[in-house]
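Working notes, structure below.
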Amino acid sequence: MTKEISKTYSPQSIEDKWYSYWLSNKYFHATPDEREPYSIVIPPPNVTGVLHMGHMLNNTIQDVLTRRARMQGKNACWVPGTDHASIATEAKVVQMLRERGIKKSDLSREDFLKYAWEWKEKYGGIILEQLKKLGASCDWDRTRFTMEPSLSEAVIDVFIDLYNKGLIYRELRMVNWDPLGKTALSDEEVIFKDVNSKLYYIKYHLTENSKNEIRNSNHSTSNIQHSTFVVIATTRPETILADAAICVNPNDERFKHLIGKKALVPFINREIEIIADEYVAMDFGTGCLKVTPAHDKNDYDLGKKHGLEVIDILTEEGFLNENAQDERYIGKDRFAVRKQIAIDLEEAGFIVKIEEYKNQVGTSERTGAVIEPRLTLQWWVDMKKFLAKNPEVLDAVMNDEIKFHPANMKNTYKHWIDNIKDWCISRQLWWGQQIPAWYGPNGEFVVAKTAEEAVEKFRILNFEFRISELKQDEDVLDTWFSSWLWPISVFDGFKEEGKEDIKYFYPTNDLVTAPEIMFFWVARMIMAGYEWMGQKPFSNVYYTGIVRDKQRRKMSKSLGNSPDPLDLIAHYGADGVRMGMLICSPAGNDILFDESQVEQGRNFANKIWNAFRLVKGLTIKPDADFAADLLASNKISEQWFNARFNIALAEIEEKCKDYKLSEALMMIYKLIWDDYCAWYLEMIKPVYGEALNQSTYDQTVVFFEKLMLVLHPFMPFITEEIWQELTERKVGESICIAAYPNVETYNYTSLQNAFETIAKIRDLRNSKGISPKEAFEIVIKTTQAELYEPYQFLIKKLANVSSILFNEDAHNYASISVSTDQVFVKLNIEIDAVAETEKINKEIEYLIGFMASVDVKLSNEKFVANAKPELVEKERQKKDDALAKIEVLKQSLASL
RNA sequence: GGAGGCAUAGCUCAGCUGGUUCAGAGCAUCUGCCUUACAAGCAGAGGGUCACAGGUUCGAAUCCUGUUGCCUCCA
C-alpha cells in the first residue's frame with residue numbers, strides 16, 4: 001500500500017474536486033450528434049429562490065435519470081434555468097425598496113424595473129449554484145431565464161399568435177384579486193383554507209311604504225309574520241354597505257309576501273329591493289340572502305341576471321372607499337371594518353345573533369393575502385376552444401403517449417381538463433412580459449409586437465394615430481404564460497433559425513415535478529407542445545411527493561422544521577443526502593424526511609469506502625503461488641458473485657424502467673452491502689498477513705468497478721473517487737461517461753445450503769454464548785453431499801469450522817437443520833440430551849402438522865382438478881421434502 | 001358537495017394477471033461481539049388475524065360489496 005487511506009470517508013474535499021473536474025471537462029454539455037438524445041428540462045425555480053428540501057428531492061431524481069442516460073450512451077442534456085416568478089419577485093423587490101424607504105408608487109415603471117433587474121442580478125441564480133453542490137449534472141452552458149430577451153420575445157409572439165387565432169380575449173369579469181400583490185390571479189393560484197369565522201344575523205328594516213303595503217294586503221294568512229324587518233346571515237358584515245338587493249326563494253312561503261318590497265341597508269339606509277330567485281337555499285341561514293354583486297362571484301352572476309347595480313366599496317388594496325358612504329369606515333382595511341361594524345351593528349340593535357361558523361376562504365398562493373372577488377378588465381385564454389383545437393392534450397395522457405408516474409394522476413388530470421375554465425393571464429404587475437396591446441386615445445386597441453406595428457394595424461382599421469398617441473397595456477403576463485413554453489423555448493424552438501437543438505432534443509424524455517403544479521405547468525406545457533410543436537413536450541412525467549417532517553407536517557420556514565440542504569450536505573456529504581432522500585420516496589408518495597435517513601446514506605458511503613480500503617490494502621501474488629483448493633474456492637466465490645450481480649442488475653434495470661428509483665437504489669444498497677461486502681469480500685479475503693491470488697483480485701476489482709458504475713447515478717461523488725482509484729485511469733476519463741454495465745450471461749452456483757449452514761452455526765454459537773474464535777467440528781447428514789462438498793472451504797472459513805465429515809456418527813452433537821438435511825456440531829460443552837430431544841420432537845411435530853395441511857389440499861379433488869398442474873406438483877414435492885426431513889430428524893433422535 | 005387514493009411489523013414502504021420467492025425489505029428495537037476494511041461496524045434474534053364486516057372461490061393481503069379512519073385534488 002503506497003498511501004494511507006483514512007478510516008472514515010470524508011466527502012467535502014472529494015466532492016468539490018470532482019465537480020470542478022466534471023465542469024472543466026464539459027461532460028454535461030450536450031450538442032446534437034448522431035447518438036440517441038435524452039433530455040430533461042428543469043422545473044425552473046424562482047430566480048430569487050433558495051434551495052429547499054423539495055428542490056433537493058426533485059433535482060436528485062432528475063440527476064439520477066440524466067446520469068443513467070448519459071452512461072447508457074445517450075446524448076444526455078439536462079437544461080437548467082430560472083423563472084422570473086413575476087408576483088413573488090415583484091413582492092420581494094417592493095419590500096426591498098420599502099426597507100430603503102422607497103415606495104413603488106413613487107417610481108416610474110422604468111425605474112422600478114431597473115431596481116428589479118439589479119435585484120435579479122444580485123440574488124438571482126443563487127439556487128443554481130446550490131444545485132452544483134448537490135452534484136447536478138446540468139448543461140450549465142444552456143442556462144436560461146424566462147425573462148431573458150429571446151424567451152420574452154417568444155412569449156409575446158405566442159400571445160399575438162393566440163390573439164390572432166381568436167383564442168385570447170379581453171373582458172370585464174369577476175377575478176380573484178390579491179389585495180396585497182394588487183393584481184388579478186388565475187383560479188389555480190388561489191388556495192382555499194379552512195377558517196373559523198362568525199355568521200352574523202343582521203336585521204334589515206323594511207321601508208315605511210313596504211310595511212304599509214303588507215298591512216293593507218291580503219297576505220294575512222296564519223304563517224306570515226308581520227315583522228317590520230327581514231334577517232339575513234353573512235360572514236362578511238362589512239359588505240352590507242355594498243348590498244344591491246335581498247333575495248329569497250320564490251317557493252319560500254315564509255317570504256312570498258315580501259317579494260317586490262323594499263328594505264333599508266343598516267346605517268346608510270340605501271333602499272334595496274327584495275327579489276326572488278330559486279338560487280337561494282331555503283334551508284341555509286335565514287332563507288334571505290343579501291346580494292352583493294361587487295364582492296361575490298355568485299352574487300355577481302345573480303346581479304347580472306336581475307340587472308342589479310354593482311357597488312364596489314373596496315380599493316385595490318382592500319380598503320373601503322367612498323362608495324361605502326359611511327364615514328366611520330371609509331379608508332379602513334376590510335378586516336378592521338368587519339370587526340368594527342359588527343360592534344356598531346350590535347350597539348344599534350341590528351344584530352339578532354352571532355354564530356360560530358367554519359368556512360373556507362381563498363388566499364393568494366404567493367402573498368397569502370385573502371382573495372377578494374373583484375370586477376376588472378382582464379385578458380383571458382379561451383381554454384375550451386383551445387382544447388377543442390388540441391384534443392391530444394387529454395388523449396395523449398389518457399392513452400399513455402405521455403406517461404404519468406404514478407399513473408393515478410391521470411384521473412386528476414382528466415378531471416381538471418373536463419372542467420377547465422378560462423385562464424386569466426394578465427397581472428397588474430411590472431415584473432414580467434408586458435402585454436403587447438396598444439390603446440388609442442379613445443380606448444380602441446390592437447395587438448401588435450411594437451408600437452410601429454400597432455400604428456400600422458390601426459391604420460388598417462382606419463385609425464390614424466402617431467406612436468406618441470398610443471399607450472401600451474400596463475399589465476404583464478402571468479408567469480406561467482412563459483413557463484408553459486419552457487420545453488420549447490429553452491431549445492429556441494420559436495426562433496426562425498437555429499433549429500438543430502429543438503429538432504434533436506424535442507420532445508424531451510422525462511419531466512420531474514411536484515403534483516401541485518400539474519395544472520399550473522404540466523398541463524399547460526402539454527397544451528403548448530401540441531399547439532406550437534404539434535407534438536408532446538415529454539414522454540414521462542414523474543411526480544415527486546411533498547417533503548414533510550417526521551410528524552407529516554409540510555416543511556416550512558415558519559415552522560422551522562426544514563433543514564438547510566447546504567448544511568446537510570456539509571455534514572453528511574451530497575452523496576449521503578441524495579441517498580437519504582431517495583431511499584424511501586416512491587413516485588407520488590410524500591417523503592417523511594428524517595435526518596436519520598441521511599445518516600444511513602452517509603453510513604453507506606462509509607461502508608463503500610472501507611470496502612475500498614480493504615481491496616486497496618490487499619497483497620497480491622501470482623496464482624501459481626497458491627494451493628489448488630483455495631484457487632478453486634475463490635473461483636466459486638467469483639462465480640457466485642458474478643451471478644448475484646447480474647441477477648440484481650436485471651432487477652435494478654427493471655425497476656428503473658418503471659421509475660421505481662427508490663426500490664432500485666435499495667437493491668443496489670443490498671447488493672453492495674450484503675452480497676459484495678458481507679459475503680463476497682469475506683469469502684475471498686485472505687487470512688491476516690497472507691496474500692490474495694492475482695486472478696481473484698482482478699475479478700474483485702472488476703466487480704467493484706461495476707458496482708460503482710451502477711451506483712454512480714445515485715451517489716456520483718464517492719463512486720467517481722473510487723472508480724478513479726481502483727485502477728489506472730487516463731487523463732480526461734470519468735465515471736460520468738463510462739459505459740453502464742449490461743446484464744451478462746452467468747453460471748448460477750447455488751450456495752444456498754452452504755450459506756444456511758454458516759448462518760445456523762453462527763446462530764448456534766451466538767445462542768450458546770460461544771466465542772467466534774472457537775472452531776467446531778461438524779458432521780453433515782445428507783443424501784446430497786454435492787451441495788456441500790465443493791464449499792467446505794467457505795463453510796470452514798466463514799463459520800469457523802475445523803473439520804467437516806459426511807454422514808458419520810455424531811453421537812452427542814448439537815444438531816441444526818439445514819434445508820432437508822441435518823448438520824451436527826460438536827460442541828466442547830455438555831449437550832443437554834433432554835433439551836435436544838425436545839427441540840427435535842418439536843420440529844417433527846411441526847412437520848407433521850405441515851404435512852397434514854398439504855394433504856388436505858392434495859386430497860381436495862377440486863384443488864387437484866382446478867389448480868395449475870405445476871402447483872399441484874409443488875405441493876407433492878413439499879410433502880416429499882417434509883417426509884424426508886422427518887426421517888432425518890428421527891435418525892438424529894436415535895443418535896442422541 | 002364532487003373526484004381519486006390509502007389502510008400490511010414500532011416507522012417508511014414492496015407485494016404484477018388470486019396458489020411456497022406469501023406474509024417480505026430497509027430503518028428502529030433487543031442479544032452478543034472493539035473478530036486488524038469498516039462500532040458510521042460485525043454476528044444473530046424477536047415483531048403483523050395484511051383496518052373492520054360480509055361475499056365470490058377448492059383457495060383471498062390480493063377480486064366484489066358495505067363500514068370506519070386518514071390523505072390529496074377540485075368546487
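Every heavy atom of this structure was used, including side-chain atoms; hydrogens, water molecules and symmetry mates were not. Below, read A as the first sequence line, B as the second, and so on, with proteins coming before strands; counting in each chain starts at 1.
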Whole-Å [atom1] distance, [N] and [M]:
{"N": "B:rA9", "M": "B:rA14", "atom1": "P", "result": "13 Å"}
{"N": "B:rG47", "M": "B:rU62", "atom1": "C1'", "result": "23 Å"}
{"N": "B:rA61", "M": "B:rA51", "atom1": "C1'", "result": "12 Å"}
{"N": "B:rU56", "M": "B:rU65", "atom1": "C1'", "result": "11 Å"}
{"N": "B:rA25", "M": "B:rG48", "atom1": "P", "result": "14 Å"}
{"N": "B:rC16", "M": "B:rC6", "atom1": "P", "result": "12 Å"}

Can you tell me whether the base of [N] sits syn or anti, using the 90° cut around 0 to define syn?
{"N": "B:rU17", "answer": "anti"}
{"N": "B:rG47", "answer": "syn"}
{"N": "B:rU21", "answer": "syn"}

Query - A:Lys879 vs B:rU20: side-chain N/O to OP1/OP2 distance below 4.0 Å - result: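 So the side chain of A:Lys879 is outside the cut-off, no N or O lying under 4.0 Å from OP1 or OP2 of B:rU20.
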Counting only Watson-Crick or G-U wobble pairs whose two distances fall under 3.5 Å, which nucleotide matches [N]?
{"N": "B:rA25", "value": "B:rU12"}
{"N": "B:rU57", "value": "none"}
{"N": "B:rC42", "value": "B:rG32"}
{"N": "B:rG4", "value": "B:rC71"}

For atom [atom1] of [X] and atom [atom2] of [N], their distance in whole Å:
{"X": "A:Gln752", "N": "B:rU20", "atom1": "CD", "atom2": "P", "result": "18 Å"}
{"X": "A:Lys768", "N": "B:rA45", "atom1": "NZ", "atom2": "C1'", "result": "15 Å"}
{"X": "A:Asp658", "N": "B:rA14", "atom1": "CG", "atom2": "C1'", "result": "13 Å"}
{"X": "A:Tyr748", "N": "B:rU21", "atom1": "OH", "atom2": "P", "result": "14 Å"}
{"X": "A:Glu663", "N": "B:rU12", "atom1": "CD", "atom2": "P", "result": "17 Å"}
{"X": "A:Ile583", "N": "B:rA14", "atom1": "CD1", "atom2": "P", "result": "14 Å"}
{"X": "A:Met581", "N": "B:rC27", "atom1": "CE", "atom2": "C1'", "result": "16 Å"}
{"X": "A:Leu665", "N": "B:rU12", "atom1": "CG", "atom2": "C1'", "result": "14 Å"}

Provide a list of protein-nucleic acid N or O atom pairs under 3.5 angstrom, restricted to nucleotides 71-75 of chain B.
| residue | atom | partner | partner atom | Å |
| --- | --- | --- | --- | --- |
| B:rA75 | N6 | A:Gln360 | OE1 | 2.5 |

Could you tell me whether the side chain of [Y] reaches within less than 4.5 Å of the side chain of [X], counting heavy atoms only?
{"X": "A:Ile14", "Y": "A:Ile718", "answer": "no"}
{"X": "A:Ser186", "Y": "A:Asn176", "answer": "no"}
{"X": "A:Arg602", "Y": "A:His571", "answer": "no"}

Report task. Assign A:Ala605 to base, sugar-phosphate, or nothing according to its heavy-atom contacts below 4.0 angstrom with the strands shown. Result -> nothing
Query raised in the report: Among the nucleotides B:rG26, B:rA45, B:rG4, which one has an atom lying closest to any side-chain atom of A:Lys670?
Result: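 The nucleotide sitting nearest to the side chain is B:rG26.
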Requested in this report: Could you grab the distance from atom CG of A:Asn753 to atom NZ of A:Lys760, nearest 0.5 Å is fine?
Outcome: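 With rounding to 0.5 Å, CG (A:Asn753) is 10.0 Å from NZ (A:Lys760).
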Query raised in the report: Could you give the distance from CG (A:Asn298) to CE (A:Met174), rounded to the nearest 0.5 Å?
Result: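 Rounded to the nearest 0.5 Å, the CG-CE separation comes to 9.0 Å.
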Report task. Measure up the A:Phe645 and A:Phe641 rings against each other and bin them: parallel (under 30°), tilted (30 to 60°), perpendicular (over 60°). Result -> tilted
Requested in this report: Specify the closest pair of heavy atoms between A:His405 and A:Asp658, including all atoms of both residues, with the distance to one decimal.
Outcome: ND1-O, 4.2 Å
Query raised in the report: For the residue pair A:Val280 and A:Gly287, what are the closest heavy atoms and their distance?
Result: CG1-O, 3.5 Å
**Report entry** Over 12 foreign heavy atoms within 6.0 Å of NZ, A:Lys879
**Finding:** no
Query raised in the report: Of A:Arg762 and A:Tyr669, whose nearest nucleotide on RNA chain B comes first from the 5' end?
Result: A:Tyr669
**Report entry** Heavy-atom protein contacts under 4.0 Å, nucleotides 28-40 of chain B, coded B base, S sugar-phosphate only, - none
**Finding:** --------BBBSB
Requested in this report: Test ring-ring contact (aromatic ring centres under 6.0 Å, His included) on A:Phe755 and A:Trp640 and set out the steps.
Outcome: CA-CA 12 Å; A:Phe755 281 179; A:Trp640 171 79; 5.2 Å; yes
Query - cation_pi(A:Arg524, A:Trp423) dist<6.0 Å, angle<=45 - result: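 Yes, A:Arg524 sits over the ring of A:Trp423.
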